[in-house]
Amino acid sequence: MLHIYCPHCAEYREEEEFHCAGQAHIARPLDPEACSDQEWGEYLFFRKNPRGLHHELWVHAAGCRKFFNMTRDTQTYEIKEVYKIGEQPSVVAE
Amino acid sequence: MTQQNRLTSGGRIDRSKPLTFTYNGKQYQGFQGDTLASAMLANGINVVARSFKYSRPRGIVACGAEEPNAVLQLGATEATQVPNVRATQQELFDGLVSASTNGWPSVDTDVMGLMGKVGGNMMPPGFYYKTFMFPQSMWHTYESVIRKAAGLGRAPREGDPDRYDSINQHCDVMIVGAGPAGLAAALTAARGGARVIIADEQNEFGGSLLNGKETLDGKPAAEWVRAVVEELGTYEDVLMLPRSTVNGYHDHNFLTIHERCTDHLADIAPVNQVRQRMHRVRAKWVVLATGAHERPLVYANNDVPGCMVSGAVSAYINRYGVVPGNELVVMTTNDYGYQAALDWADAGRKVVAIVDTREAAVGDRTEAARKRGLNIISGSAVIEVQGSKRVTGVSVAAISASGSKVIGSVTKLKADTVASSGGWSPVIHLSCHTGSRPVWNEEIVGFLPGETVQKQLTAGGINGQYETAAALREGFDAGQKALVEVGLAAAEVVLPQAQMLKVAAPMSLFHVPHLKPTSQAPKQFVDYQTDVTAAGIEIACREGFEAIEHVKRYTAMGFGTDQGKLGNINGMAVAAKALNQSIPETGTTVFRPNYTPIAFGAIAGSHSGALFEPKRFTAMHKWHVEHGAEFEDVGQWKRPWYFPKAGETMQQTLNRECLAVRNSIGILDASTLGKIDIQGKDAREFLGRVYTNAWAKLAVGKCRYGLMCGEDGMVFDDGVTACLGENHFVMTTTTGGAAHVYEWLEIYHQTEWPELEVYFNTVTDHWSTATITGPNSRKLLAELTDYDVSNENFKYMDWKQITVAGVPARVFRISFTGELSFEINVQANYGMHVWEKLHEAGEKYGLTPYGTETMHILRAEKGFIIAGQDTDGSVHPYDLGMGWCVSNQKPFSYIGKRGMNRSDCTRENRKQMVGLKTKDPKQVIPEGSQAVLDPKAPVPMPLEGHVTSSYWSENLGHSIAMGFIKGGLDKMGETVYYPQADGTVIEAEICSPIFFDPKGERQNV
Amino acid sequence: MSDLNVMTPEESAATKAAVMNQVPGPEIQGQSPLHHADLESLAQKGPKTGGVHLRELKLLGHLTLRCNAENAEQLAAVERVLGVALPLQPLTSAENGAYSIRWMSPDEWLILVPGMETFDIETKFRDEMPGHYSLVNSSGGSTVLELSGANVLEVLKKSTPVDLHPKAFPVGKVVSTLFAKSGAVIRRSGEQRYELVIRRSFADYIWLWLQDASREYGLVIEA
Ligand SMILES: [Zn+2]
């Protein structure tokens, strides 16, 4: 079970308080109508499944209810960093 | 009742407190401080089980969690039955009732044994694997025999009277194991001011120090233990947990500890006390001081009762004052095995021989034995044991230096006990739980913990450090390291002086050779609990299973409740030999939680019975209960389902409720609908983006229905939203969808459109909602308010702030039944008051409370959908015939718009929502029924759609149904068929889903 | 009956948000979420000693304020209304007499006031607060349980995964977290005293849970 630092509450909390909302940095296309079916399908359904570093969107569901990003190693489950929405990760895969 | 193997003095038992216990129906005595196993050995009980496959008699082998055989059924009553209790870990209490689980009709006279090893012939290695490859029917034949005869313990057939719970803990340093290393670590960390938890599975702290005659600072080691425990008890931030097994080590230093709070007191916990407790620990640092388990050697007939591991023999003598036999033969590959012989001799019983597999080993322990004049036979091994229900003798022969073959003649010795030591296996189980792979170490002939990303330290036996002085030093170092890591200053601890004994190098031997090849020699057991032999592993290797994980699955090695604690490494060594490779080449063995079996009660904790799952109640719940409601679960909510009167069937109740609403007035508790308060100047814009229809022009004081879709264009929720103020709305959601919709709004606001000025707040619980519906609802409302509720002043789809029954209310004139309706919302603290006043005033109109089932029927008469029942994530608004609820004029590409326009969403022949009228008006199509066009078509028939909602409508006098049909909106009047499981076919006509009041006049009156 | 305390939708439109006095006159008694448990009788008849004490602080005014912590004008307005500044540090609280403010989120605070003052304070906020904010009355949706006593920590540790050690959880600290299978806003209000804000619909579940969790220590109900 992960121990997660909420960047808004500024302390560690148990994983039970959080939900993962999938891959981070999936921006909604600014002009959806301009997307082809394939582009829209990729936005909707296609996600990375890396072995190693992964950027994820989490929400502190039972706490402050704020969303934030997490960079996590999918192999060791180490959390490399958490950062707020709108910020960019400082730890990225090579 | 004699305890023929009990010493008159010594041990940590209290001879002034005799305890009576029952084993297999017979009464015995033991003492306070005994385990069930030590008491059984004291009473000379040899056979504690029959083996799983071969039905061979089995005795106690070890003295801790690693025990494979003495796995008993406990419990004095049916309700208190507990299977899978290791007698070596169960403290004795007065009145304890135990029974062996393997063996039918009894462990002493066994049918399978008399039948001549039937089980063995029936179950060769690979039995499970091969059986599952055969037709399943074969398994039933095998299973009935195996289950009956082998037995694996059984669950109670009555409810457990005991209570269990769990507790969350946090600490700086979690120390697992309270032997010398763990205690030294705890003392150090505690003195440094850390928050410490130290847990040990035994009833008292001390670990190996309690099992021997060692001294520390010249005094018995137990005195040092007592002093440390006493000091630890003085620190507020130290939690000591004896009788607590750390069963799981999970990511980010999360550990689960299974504490047996009252198992040592009685069959059932004292009043108000919790029997077992799970500690859920989050530790900054973890110190594993789990010690090591001694490995038995693999030799012919090594499972005959009387064959034990040598350390257990010492522990029974020193800790419990029990000598488990009269004539001992020790077989050892290392110096430690000598200790059992020394302790045995001290106890005044006969040491027949110490058989050392090494040629010439000189260490302090070997020399002590020599000085005592014990008979040491070097370069030899016990190659076979004689006896059936107890060892009667052994065959000893010289073996080659590598241990691969017998090279000398065989000598037979008379003995009743064989203590074997093949060296020690560090208890690395917990370190494996987090995914760390153990590493083979040639020097200690065992696996050590591997690399880990956890903040984990190890100390003592787990590192292959078996001497007390080294364990103390490592524990101290771990404590200091942990202090520094958590930001505290190092502590001052003076370690006690331990004897430094010289230890000769051990021999790497696991499988003792026999005169005959393994396949023909008497059985040489590797895993007692699953009856895996060295020959079985060789067969597996011969059949092509080379990876140890495959060998394990093929032979079932390590698959017992003991997880192969004693046998796995021996098994790997046998496999390595068979495959002609080294142990590390053969692979490693990885352990998973839990370390020992745990009662389901302890896992469930308090979350059982009434507390299994939260039940959510509305403010009027008590009224519903008092008025005989039957309840339906909607999410966690308890919603009234229907309100039967005495003698009514459910259908009769529903008919009465439905008629009351259409003819006079009904009342529904609609409080569970999700409600979200939305404020901010961009609230309106936001609504336009998350709903499919238009919101720009909704005036203050008005309500509007909306559909919510995902980005894929599929409907997932719906509800009415009211404009409370220019920048203020309240949205309603389905009961089950409330949390999801709230998170949906927040995620879009926080991650996509943070520039929109809007705030969302959940107010579901704040408002109580009483819906009055039916032609008389206006009359009733008028009686309870001064406000002019006429159709002119209070129009359909208006909402008003008025006072109802003296309570300020927001009343929404919206309708889910198609009748004139008012949804009266008041602060929930006043919900019951208004509800009761409505009933008082409504009596003269026959005001009828109704529940969710009548609500479903009434809305289906109107063709209104229920998101989640009539939608399944694969239908868009047009599929539902609800294109009227989609606006394509909105400038912003709202959620769902692009998705709805995918080619698949706009193609011909999509399944569309229609009404269905059965040819026989009395027939109600079962929900879920599949539609076909030709019921005589060959199977599999092409399916045209399915029924999503179906009811008897008393108002209409015929059944009604809603469902999907391919291209259904263009098929009005056509016939479809619904074949049923019983072979009958229901015929129905496709029609509009609006069965009642198609022009919608009644809600507007 | 008069509707003097209720704004018409038209009046609400002027303030852009609907505000109403939701509390009726004193002749109508509100029912708190634990009304059915009849804690008054239990307090009279039940045990007087035990390791855990429970009291419902019922029918208080609960106001949820969402605004911008960086907007000095808004912060000043809050202080004018409540006489105390919004606690801006995460997980902290502030108090002024009968008013208390709990930090819930970087842009959200829970304000507890005496029940009868709720509408007054709402109105004051509507008069004073500039800019983009929301204020929501949630008084009917939750209640406050006060837990105290020698074993209060044990009971809380059974119920919530948050670290409650005095070093990690000083007096005044607030957390929103899980409570058994529900949730709670926990505030440490004294050395051995904690306040739980819980949701109405879960109140009975939490009441059952607390009785079970405190059984081994003894539960004393206070009215
Ligand atoms: Zn948070």
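Labels below follow one simple rule: chain letters A, B, ... track the order of the sequence lines, proteins then strands, and each chain is numbered from 1.
A:Glu15 CD to B:His250 NE2: the interatomic distance, rounded to the nearest 0.5 Å, is 12.0 Å. Rounded to the nearest 0.5 Å, atoms CG (B:Asp712) and CZ (A:Phe45) are 5.5 Å apart. The distance from atom CD of B:Glu451 to atom OG1 of A:Thr76, rounded to the nearest 0.5 Å, is 12.0 Å.
Proximity to chain A (any heavy atom under 4.5 Å) is shown, for B:Phe760, by neither the backbone nor the side chain. With a 4.5 angstrom heavy-atom cutoff, A:Ile26 touches chain B only via backbone atoms. Residue contact with chain B, scored on non-hydrogen atoms closer than 4.5 Å, is absent for A:Tyr12. The contact between A:Leu2 and chain B is made by backbone and side chain atoms together, counting heavy-atom distances below 4.5 Å. For chain A, no part of B:His749 is nearby; none of its heavy atoms comes within less than 4.5 Å. At a 4.5 Å heavy-atom cutoff, A:Ala24 makes no contact with chain B through either its backbone or its side chain. Both the backbone and the side chain of A:Ile79 come within contact range of chain B, with heavy atoms under 4.5 Å apart.
Two residues are said to be in side-chain contact when any heavy atoms from C-beta on lie closer than 4.5 Å; B:Asn253 and A:His3 fail this criterion. By the 4.5 Å heavy-atom criterion applied to side chains, B:His252 and A:Met1 are not counted as neighbours.
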I would like to know whether A:Leu57 and B:Ile747 meet side chain to side chain contact (heavy atoms under 4.5 Å, CB included); could you show each step before the answer? CA-CA 10 Å; A:Leu57 180 63; B:Ile747 193 172; 3.8 Å; yes
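B:Arg898 and A:Asp37 are joined by a salt bridge, as a carboxylate oxygen and a charged side-chain nitrogen come within less than 4.0 angstrom of each other. Checked for salt-bridge contact, A:Arg65 and B:Glu746 miss the test: no charged N lies under 4.0 Å from a carboxylate O. Contact check on A:Glu16 versus B:Arg280 returns a salt bridge, with a Lys/Arg side-chain nitrogen under 4.0 Å from an Asp/Glu carboxylate oxygen.
Within 6.0 Å of the CG atom in A:Asn49, the count of heavy atoms belonging to other residues, nucleotides or ligands does not exceed 12. Atom NZ of B:Lys455 has 12 or fewer neighbouring heavy atoms from other residues, nucleotides or ligands inside a 6.0 Å radius. Within a 6.0 Å radius of CD in B:Glu908, no more than 12 heavy atoms belonging to other residues, nucleotides or ligands are found. The neighbour count for B:Phe612 CZ, taken as heavy atoms of other residues, nucleotides or ligands under 6.0 Å away, does not exceed 12. Counting non-hydrogen atoms of other residues, nucleotides and ligands closer than 6.0 Å to CZ of A:Arg51 gives a total of 12 or fewer. Within 6.0 Å of the OH atom in A:Tyr43, the count of heavy atoms belonging to other residues, nucleotides or ligands exceeds 12. In A:Glu33, the CD atom is crowded: over 12 heavy atoms of neighbouring residues, nucleotides or ligands sit closer than 6.0 Å.
For the 3.5 Å distance criterion, the side chains of B:Tyr748 and A:Arg28 fail to qualify, holding no donor opposite an acceptor.
Chain A forms the most heavy-atom pairs under 4.5 Å with one residue out of B:Glu711, B:Gln750, B:Lys897, B:Arg282, and that residue is B:Arg282.
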